[in-house]
Visitor: 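To start, I am sharing the structure in question, which I have written as structure tokens.
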Amino acid sequence: DKGNHRHFMLKEIYEQPDAISHTASHYLDLANGKVKLPSKLPFDFKSLNRLTISACGTAYYAGLVAKYWFEKYARLPVEVDVASEFRYREPPMDAGGLALFISQSGETADTLAALRYCKENGQHIASIVNAQESTIARESDIVFPILCGPEISVASTKATTAQLSVLASLAIAAGRQRGHISEAQEFELVDMLAKLPGAITKALGSEEKIDQISHKLSKAKDVLYLGRGSLFPIAMEGALKLKEITYIHAEGYASGELKHGPIALIDETLPVVVVAPSDDLFDKTISNMHEVAARGGKIILITDEAGAKSVGDDVDEIIIVPDAHEFVMPIICAIPVQLLAYYTAVFMGTDVDQPRNLAKSVTVE
Ligand code: M6R
């Protein structure tokens, strides 16, 4: 049932504050400012040398965001790969490692095959899944449920942000066990996760502005998305969402890679969506935007208030997200890229919930 919403996708976008607070209630002990995992871990983060993550599509991008978190907050090296590459690479693995699989449906064929490869190679198998009765859940040693409720729209939204909040909780737990996060830091990070539903509600407030911007975006043949650090995967996620439901070609690139190739594409017809809250690297992003503007490129900037104040007039449109610590920014910035894809698709009249050639659950290899 779509309720009052025109599409399941919009309904699910709007369910995110509730979905995330529901997920958080299973992973966080808010009264004490601690992570509380839903079940006992069959492995110890402290003795791990490496975490291997495999997934497909949006779930892969969630894994890429998690890499930044685990490496920064838990000092745990992470390898992330798309399952369809991982499974055929014959990657060497030390027995006793941890392999983590992320899947909304829990039935994605390549992700399942990657899981079985890791099992044969002596890994502990953990998965983050929404469908708890699924094959991936069944074949895992431990399941971290996403708990966002059924997701109907082919383009994933609430499962993505809920997956990210599970991954963020796990990264904090790993940081604690490995001695890189103090009790006080855990308290602060947990508080940031606890405040996410409110921040997401605020981010949803730019809907009208995004609707207007989408009219311009719908005229484009190609769109470039740029981001740095943990927002680079969100740039790729934005590009994927746009491709899936509008059929406009889009690419997500690391901002710093612009001058190594894609800058050649830039002219007045190429919108560039820059996902860049005002963090430590914001100056570098400003100079990337300057390079785009100098070549006539049209910039749509997703940033916070402070970022908006310091950009000058290189920028065509600004979408403001609420101020937050960089830890939770990838989750917050996922919202405007979802809305941008959604409104562009609605304006173009495509079949938003059931885009051509795509299936909700990809059980073929
Ligand atoms: O069910 P899964 O999470 O394993 O699905 C993985 C991808 O097929 C999925 O995320 C796909 O990329 C979505 N349609 C993205 O919106």
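For ligands, and for the atoms within them, numbers begin at 1 and follow the listed sequence.
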Visitor: In terms of residue, atom name and distance, what is the protein heavy atom nearest to atom 10 (O) of ligand 1?
Guide: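 Ranked first by proximity to atom 10 (O) of ligand 1 is T58 N, 3.2 Å.
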Visitor: Identify the closest protein heavy atom to atom 3 (O) of ligand 1: which residue and atom is it, and at what distance?
Guide: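 Here the nearest protein heavy atom works out to Q104 N, 2.6 Å.
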Visitor: Out of all atoms in ligand 1, which are within 4.0 Å of some heavy atom of G57? Include the element for each.
Guide: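 Listed by number with element, the hits are 12 (O).
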Visitor: Taking distance alone, with N or O pairs closer than 3.5 Å, would you say V362 contacts ligand 1?
Guide: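 No - when backbone and side-chain N and O of V362 are compared with those of ligand 1, no distance drops under 3.5 Å.
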Visitor: Is there a donor-acceptor contact under 3.5 Å linking the side chains of Y14 and E207?
Guide: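 Side-chain D/A pair, Y14 to E207: present.
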Visitor: Count I, L, V, M, F, W, Y as connected when their side-chain heavy atoms are under 4.5 Å apart, and connections chain through other members. Are V82 and M93 then in the same cluster?
Guide: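 As far as the 4.5 Å side-chain criterion goes, M93 and V82 are not connected within one cluster.
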Visitor: Suppose we screen for side chain to side chain contact (heavy atoms under 4.5 Å, CB included). Which residues come up paired with K243, at least two apart in sequence or across chains?
Guide: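 Here the qualifying residues are A250.
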Visitor: Taking only heavy atoms of K241, which atoms of ligand 1 are found under 4.0 Å from at least one of them?
Guide: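 Counting atoms of ligand 1 from 1, those under 4.0 Å from K241 are 15 (C), 16 (O).
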Visitor: For ligand 1, which atoms sit closer than 4.0 Å to a heavy atom of A155?
Guide: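 Taking each heavy atom of A155 in turn, ligand 1 has 16 (O) under 4.0 Å.
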Visitor: Is the shortest side-chain N to carboxylate O distance from E139 to R116 below 4.0 Å?
Guide: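 Yes, this pair counts.
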Visitor: Give a yes-or-no answer on whether the side chains of S278 and D304 include a donor-acceptor pair shorter than 3.5 Å.
Guide: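 Yes.
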Visitor: Ring centroid separation for F327 and Y73, is it under 6.0 angstrom?
Guide: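 Ring centres of Y73 and F327 closer than 6.0 Å.
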Visitor: Salt bridge or not for K11 and D1, using N-O below 4.0 Å?
Guide: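 No, K11 and D1 are not salt-bridged.
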Visitor: Give the atoms of ligand 1, by number and element, whose distance to some non-hydrogen atom of S103 is under 4.0 Å.
Guide: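 Reading through ligand 1 atom by atom, the close ones are 1 (O), 2 (P), 3 (O), 4 (O).
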Visitor: Polar-atom distance check: T111 versus ligand 1, any N or O pair below 3.5 Å?
Guide: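 So ligand 1 has no N or O lying under 3.5 Å from an N or O of T111.
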Visitor: For atom 4 (O) of ligand 1, tell me which residue out of T160, V82, T108, N130 has the closest non-hydrogen atom.
Guide: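 It is T108 whose heavy atom sits nearest to atom 4 (O) of ligand 1.
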Visitor: For ligand 1, which atoms, with element, lie under 4.0 Å from some heavy atom of V154?
Guide: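 Ligand 1 atoms under the 4.0 Å threshold to V154: 13 (C), 14 (N), 16 (O).
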Visitor: Which heavy atom of the protein is the closest neighbour of atom 1 (O) of ligand 1, given with residue, atom name and distance?
Guide: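 Of every protein heavy atom, S105 OG, 2.7 Å lies nearest to atom 1 (O) of ligand 1.
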Visitor: Heavy-atom contact under 4.0 Å between K360 and ligand 1?
Guide: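 Distance cut 4.0 Å: K360 fails for ligand 1.
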Visitor: Is E133 salt-bridged to R138, cutoff N-O under 4.0 Å?
Guide: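 So E133 does not pair with R138 through a salt bridge.
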Visitor: Give me the residue, atom name and distance of the protein heavy atom closest to atom 6 (C) of ligand 1.
Guide: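 Looking only at protein heavy atoms, the one closest to atom 6 (C) of ligand 1 is C56 O, 3.3 Å.
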Visitor: Could you tell me whether the side chains of E237 and T58 share a donor-acceptor contact shorter than 3.5 Å?
Guide: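 Result is yes, a qualifying pair exists.
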Visitor: Examine S156 against ligand 1 and note whether any of their N/O atoms are separated by less than 3.5 Å.
Guide: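 Among all N and O atoms of S156, at least one is under 3.5 Å from an N or O of ligand 1.
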Visitor: Is the distance from the ring center of H7 to that of Y342 below 6.0 Å?
Guide: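 When the ring centroids of H7 and Y342 are compared, they turn out to be within the sub-6.0 Å range.
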Visitor: Under 4.0 Å, heavy atoms only, figure out whether ligand 1 is touched by the backbone of E107, its side chain, both or neither.
Guide: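 Contact part for E107 vs ligand 1: neither.
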Visitor: Nearest protein heavy atom to atom 14 (N) of ligand 1, by residue and atom, and its distance?
Guide: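 Nearest protein contact, heavy atoms only, for atom 14 (N) of ligand 1 is E244 OE2, 2.6 Å.
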